[in-house]
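Since the structure comes first, as structure tokens, the remarks are kept for the end.
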Amino acid sequence: MSSLRHVRSVLLATAVAGIVVAASVAVIGTAEAASTLGASAAQSGRYYGAAIAAGRLGDATYTRILTTEFNSVTAENEMKWDATEPSQGRFTYTNGDRILNQGIAMGAKVRGHALLWHQQQPSWAQSLSGSALRNAAINHVTQVATHYRGKIYAWDVVNEAFADGGSGGRRDSNLQRTGNDWIEAAFRAARAADPAAKLCYNDYNTDGVNAKSTGIYNMVRDFKARGVPIDCVGFQSHLGTGLPGDYQANLQRFADLGVDVQITELDVAQGSNQANVYAGVTRACMAVSRCTGITVWGIRDSDSWRTGENPLLFDNSGNKKPAYTSVLNALNAGGTGTPPTTSNPPTTSTPPPTGACAATVSLNSWNGGYVATVRVTAGQAAVSGWTVSLSLPSGSAITGIWSATNTGSAGAVSFRNVSYNGQIPAGGFTEFGFQGTGSGPTAIPTCAAG
Ligand code: 9MR
């Protein structure tokens with residue numbers, strides 16, 4: 001009872017403060033200036049989010065700021081591999097669901113973080129390698145993305161897979177040692193499990209045009225060219241006291257590849273420049289139409305992983321810092337609108353086949369080549385193992401394949417599931433793909449289960 005009264009009085013105080021701000025701003029002629037980060041970002045179709053911790057949701061000051069200011073949440077730790085699959089095949093979603101439900105209750109977008117990462121792996125995964133690790137990783141992606149299917153705005157499918165320093169290449173890790181295609185396998189599995197979620201690659205030290213960001217840029221360009229499903233790139237933006245001069249240009253070059261960009265883990269070392277750096281990041285996002293939102297990595301300085309650096313927008317007591325005001329002003333100054341939300345390809349519009357399984361092909365063709373994405377859908381019973389057969393036109397030959405193995409590469413060819421996608425629940429589907437020269441298949445493939 002007393003806590004309810006407390007909440008009501010807080011809401012009332014917030015509403016009154018909002019009126020005062022709106023009235024005083026109206027005098028200087030910007031009647032539409034919003035008084036919270038989320039509302040202000042929403043005016044241009046963007047979100048302003050925070051990473052939150054389930055263990056802090058009982059803190060009244062924390063939750064008041066969260067619900068007042070933010071319209072997106074990210075689980076700081078609760079959806080990571082060690083949290084969601086502490087022993088192999090046993091999934092625990094208690095704390096992840098608390099974050100999700102907090103976001104739903106606020107009407108906020110929920111960012112999923114992170115399906116695969118070389119850190120915060122459960123110990124059982126750390127001791128695996130080769131195909132055992134690959135299969136476990138892909139199964140993890142499938143299971144977690146399926147649990148949260150339809151509820152996540154964007155998933156960080158793969159986190160921090162590129163090396164620091166000048167190589168522009170991949171970071172060595174147990175996941176990388178399963179084969180260079182581990183990232184695309186993860187993205188395909190995530191798409192199959194939750195077709196509505198935006199699928200992001202997320203990394204740090206990518207705050208300008210540098211060797212690392214260029215390595216990632218080249219991967220995204222390659223994925224787009226080959227039809228690997230990727231929708232967004234996350235720029236963590238754990239910043240010191242300066243902002244690279246080409247921060248905005250770097251965001252823009254990724255956007256120009258046809259992906260959204262998001263600032264995903266923003267925090268800035270305290271210093272005389274903190275408010276300016278925060279403003280600069282905000283202005284850059286507002287100037288890039290495909291920059292869909294910003295997430296700060298915590299709420300108060302005392303909530304931050306950067307102990308002693310006071311890198312956030314609210315002080316330890318929950319008071320707004322100068323950096324808060326600089327962000328709000330930059331959001332209220334407006335920017336280019338975000339493009340209309342595009343939905344990912346439809347997934348459930350076709351009824352389950354009446355036979356054991358069915359397959360359909362969608363083609364992305366160009367003069368002399370194509371990428372085929374094949375969807376295998378189970379009928380009214382679950383399928384364990386499948387074979388898809390089709391005929392390629394004369395002159396066509398397969399040059400690359402993922403998420404299946406093939407028998408033959410020209411003429412009559414068949415495709416067999418791999419270990420992680422043979423099981424399809426009744427009415428469910430999985431996808432595999434191949435690339436070829438010449439023109440792609442035109443006849444409907446056949447599918448056999450078992
Ligand atoms: O903020 C997170 C902290 O609570 C964890 O202890 C840490 C474990 O590695 O991860 C922190 O979040 C990281 C994020 O998941 C990925 N990018 C870097 C973040 C800061 O380390």
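Numbering of ligands and ligand atoms starts at 1, following listing order.
Of all the heavy atoms in Val259 and Phe254, the pair that sits closest is CG2-O, 3.3 Å.
Judged by distance alone, the side chains of Thr292 and Asp260 never bring a donor and an acceptor atom under 3.5 Å apart.
Ring centroid separation for the pair Tyr204 and Phe235 does not come in under the 6.0 Å cut-off. In this structure, Tyr47 has its ring center under 6.0 Å from that of Tyr153.
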His118 and Trp81: ring pair (Phe, Tyr, Trp, His ring centres under 6.0 Å), yes or no, with the steps? CA-CA 10 Å; His118 63 281; Trp81 198 351; over 10 Å; no
For Arg290 and Asp231, run salt bridge (Lys or Arg N to Asp or Glu O under 4.0 Å): C-alpha distance rounded to whole Å, both residues' side-chain angles, the deciding distance at 0.1 Å, then the answer. CA-CA 11 Å; Arg290 290 199 75 146; Asp231 307 304; over 6 Å; no
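Using a 4.0 Å heavy-atom criterion, the residues that approach ligand 1 are Glu76, Asn77, Lys80, His113, Trp117, Gln119, Gln120, Asn159, Glu160, Gln236, His238, Glu265, Trp297, Trp305.
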